[in-house]
Asks: 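Input: one structure, supplied below.
Below, read A as the first sequence line, B as the second, and so on, with proteins coming before strands; counting in each chain starts at 1.
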2 protein chains.
Amino acid sequence: MAEVPTAAISRLVTYLRILEELETRDISRTSSTDLAERAGVSAFQVRKDLAYFGRFGTRGMGYTVPILKRELMRVLGLNQTWNVVIVGVGRLGQAIANYPGASDYQFQYVGLFDVSPELVGRQVRDLTVRHIGELRDFVRENKVDMGFLAVPPERAQDAAQAMVTAGVRGILNFAPVVIGPRPPEGRAESNAQQEIGDDWRGVIVENVDFLAGMKRLAFYTLNPHLKDSPVPEDT
Amino acid sequence: MAEVPTAAISRLVTYLRILEELETRDISRTSSTDLAERAGVSAFQVRKDLAYFGRFGTRGMGYTVPILKRELMRVLGLNQTWNVVIVGVGRLGQAIANYPGASDYQFQYVGLFDVSPELVGRQVRDLTVRHIGELRDFVRENKVDMGFLAVPPERAQDAAQAMVTAGVRGILNFAPVVIGPRPPEGRAESNAQQEIGDDWRGVIVENVDFLAGMKRLAFYTLNPHLKDSPVPEDT
């Protein structure tokens, strides 16, 4: 795996979703052409994306759905358990905690954190909401693989910093703001920058941004001729 | 605007987000290098993305933040009002209805729809939840620009079909399944296909998929060396 474009990973996720749907419908064989049509990309794109990770089909024979599905799950790391904390347990955090399907991929919620006195101590699913101040000890004492950030936008950066300081190495950011290493206000000096950057070294941030989706939809509603495919394709 | 890659639109959305943040912090000038750094792409990429839509800066002088922001909002269609219906008003639909920021871009919720007797008739924000059976008349009598789909995955396709039949032309799909034109079970004949495909002609579907974000995060947590940029870049 040398250079894999980010968009290829997004497409793998889409192919996996399609394979799961085919499996539900008891369809056991597919092809790059079939996958391509369902994903709205070219068959060449499908073959290229899969080729980053190995040879999965037989030339001219296509793919066996359950095998390709299993292989994509392995490539994506979905054949293992992921322990997840949720930071922010308002409506959105609770919607995430209850979102169907997460547990199918062994994303296991092990801790819920908030600052609101109304929420801390409350039971959500089978977990008691803890105060964010306990996050550091919690991460130290438990295996935490990733954190979902679902606080209001104006608190996202501080909460993200608290997560990183606590040792969370992967963040799924649901807030519509850019989070990342940043020198505190009025301390843009090199030293502070260095320290803060170090904290974030190797931290992975992925974004799930409702507003971004709304904006893309606005753009394509105005410019439907520019929309040829439901999935981004390499150019 | 000839060929604009889908990823470029996603990046425009990110640039806009950055410009808004700069404006909040009273920073009035930026450059392609600065934007690029904050977005995690190359300055060349920034210039190329903007060039699809016009000339926004002065060579060597960079960009004026409020002007570039206004131009990107215009390009994305965010300088106008969008009337939105939400289909599915459980935890997720309610989280969306209350998601901060949507109203900043004049996404206005004009109707909420569900099938659950527990929800229909209930007040969410300033709207009364209606039964999905009323959607068609509602769309006919009101200007509805787009619909947000927030039902459980197993109901997403049927709900999407109901939206399209009712005349909704843009769908933001929050369910982790592929929605689209599809012949009903056992009627894969060409006639049915034709009719159903026609319904969906020109319908724009964008996806906001929590699970896709979780899967990308799992992949990059396992393969951090493949993650060089928080935003997809053209290859």
Asks: Between B/Trp82 and A/Leu217, does a side-chain contact (heavy atoms from CB on, under 4.5 Å) hold up when you go through it step by step?
Replies: CA-CA 10 Å; B/Trp82 295 92; A/Leu217 184 58; over 6 Å; no
Asks: Determine the option with the most heavy-atom pairs under 4.5 angstrom with chain B, choosing from A/Gly93, A/Ala95, A/Ala218, A/Gly213.
Replies: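 It is A/Ala218.
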Asks: Test side-chain contact (heavy atoms from CB on, under 4.5 Å) on A/Tyr105 and B/Lys215 and set out the steps.
Replies: CA-CA 9 Å; A/Tyr105 301 100; B/Lys215 292 169 191 168; 3.2 Å; yes
Asks: Chain B heavy atoms under 4.5 Å from A/Ala150: which part of the residue, side chain, backbone, both or neither?
Replies: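 No part of A/Ala150 comes within 4.5 Å of chain B.
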Asks: For A/Leu12, which atoms come within 4.5 Å of any heavy atom of chain B: side chain, backbone, both, or neither?
Replies: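 For A/Leu12, there is no contact with chain B at all, as no heavy atom is under 4.5 Å.
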Asks: Count the heavy atoms belonging to other residues, nucleotides or ligands that lie under 6.0 Å from CZ of A/Arg169, then report whether that count exceeds 12.
Replies: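 Atom CZ in A/Arg169 is crowded, with more than 12 foreign heavy atoms closer than 6.0 Å.
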Asks: If I compare all heavy atoms of A/Phe210 with all of B/Leu172, which pair ends up nearest, and what's the gap?
Replies: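 Heavy atoms of A/Phe210 and B/Leu172 come nearest at O-CD2, 4.1 Å.
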Asks: Looking at chain B, which one of A/Val203, A/Val177, A/Ile18, A/Val84 has the largest number of heavy-atom pairs inside 4.5 Å, strictly under?
Replies: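 Heavy-atom pair counts peak at A/Val177.
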Asks: For B/Leu78, is it the side chain, the backbone, both, or neither that has a heavy atom closer than 4.5 Å to a heavy atom of chain A?
Replies: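 Answer is side chain: those atoms of B/Leu78 sit under 4.5 Å from chain A.
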Asks: If you apply the rule side-chain contact (heavy atoms from CB on, under 4.5 Å), what do you find for B/Tyr220 with A/Ile9, and how did you get there?
Replies: CA-CA 9 Å; B/Tyr220 283 114; A/Ile9 303 307; 3.3 Å; yes
Asks: At a heavy-atom distance under 4.5 Å, which candidate from A/Pro176, A/Gly90, A/Ala102, A/Pro153 has the highest pair count against chain B?
Replies: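 Most heavy-atom pairs under 4.5 Å with chain B: A/Pro176.
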Asks: Which answer fits A/Tyr99, side chain, backbone, both or neither, if we ask what part of it has an atom under 4.5 Å from a heavy atom of chain B?
Replies: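 A/Tyr99 touches chain B through side-chain heavy atoms alone.
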Asks: I'd like to verify something: which residue of A/Gln80, A/Glu20, A/Glu154 has the highest number of heavy-atom pairs under 4.5 Å with chain B?
Replies: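 Option with the top pair count is A/Gln80.
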Asks: For A/Phe148, which atoms come within 4.5 Å of any heavy atom of chain B: side chain, backbone, both, or neither?
Replies: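 Only the side chain of A/Phe148 comes within 4.5 Å of chain B.
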Asks: Please classify the contact of A/Arg17 with chain B as side chain, backbone, both or neither, using a heavy-atom distance under 4.5 Å.
Replies: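 It is the side chain, since no backbone atom gets that close.
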Asks: Below 4.5 Å from any heavy atom of chain A, which atoms of B/Glu21 appear? Answer side chain, backbone, both or neither.
Replies: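 Only the side chain of B/Glu21 comes within 4.5 Å of chain A.
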Asks: Which heavy-atom pair separates B/Val75 from A/Asn223 by the least distance, and what is that distance?
Replies: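 Looks like O-ND2, 4.4 Å.
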Asks: Between chain A and each of B/Met214, B/Met73, B/Gln94, count heavy-atom pairs under 4.5 Å; write down the option with the most.
Replies: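 Counting heavy-atom pairs under 4.5 Å, the top option is B/Met214.
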Asks: In terms of heavy-atom pairs under 4.5 Å, which option from A/Val178, A/Asn173, A/Leu92, A/Leu16 contacts chain B the most?
Replies: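 Winner by heavy-atom pair count: A/Val178.
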Asks: Looking only at heavy atoms, which two atoms of A/Asn207 and B/Arg216 are closest? And how far apart?
Replies: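 The answer is O-NH2, 3.2 Å.
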Asks: If you draw a 6.0 Å radius around CD in A/Gln123, do more than 12 non-hydrogen atoms from other residues or ligands fall strictly inside?
Replies: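 Result for CD/A/Gln123: enclosed.
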Asks: For A/Thr221 versus B/Asp145, what's the shortest heavy-atom pair and its separation?
Replies: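 Scanning both residues, the minimum pair turns out to be CG2-O, 4.4 Å.
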Asks: Check each atom of A/Met146 against the heavy atoms of chain B and say whether the ones under 4.5 Å are side chain, backbone, both or neither.
Replies: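 Interface part for A/Met146: side chain.
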Asks: May I ask you to name which of B/Asn98, B/Val208, B/Thr24 has the most heavy-atom pairs under 4.5 Å with chain A?
Replies: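 Winner by heavy-atom pair count: B/Asn98.
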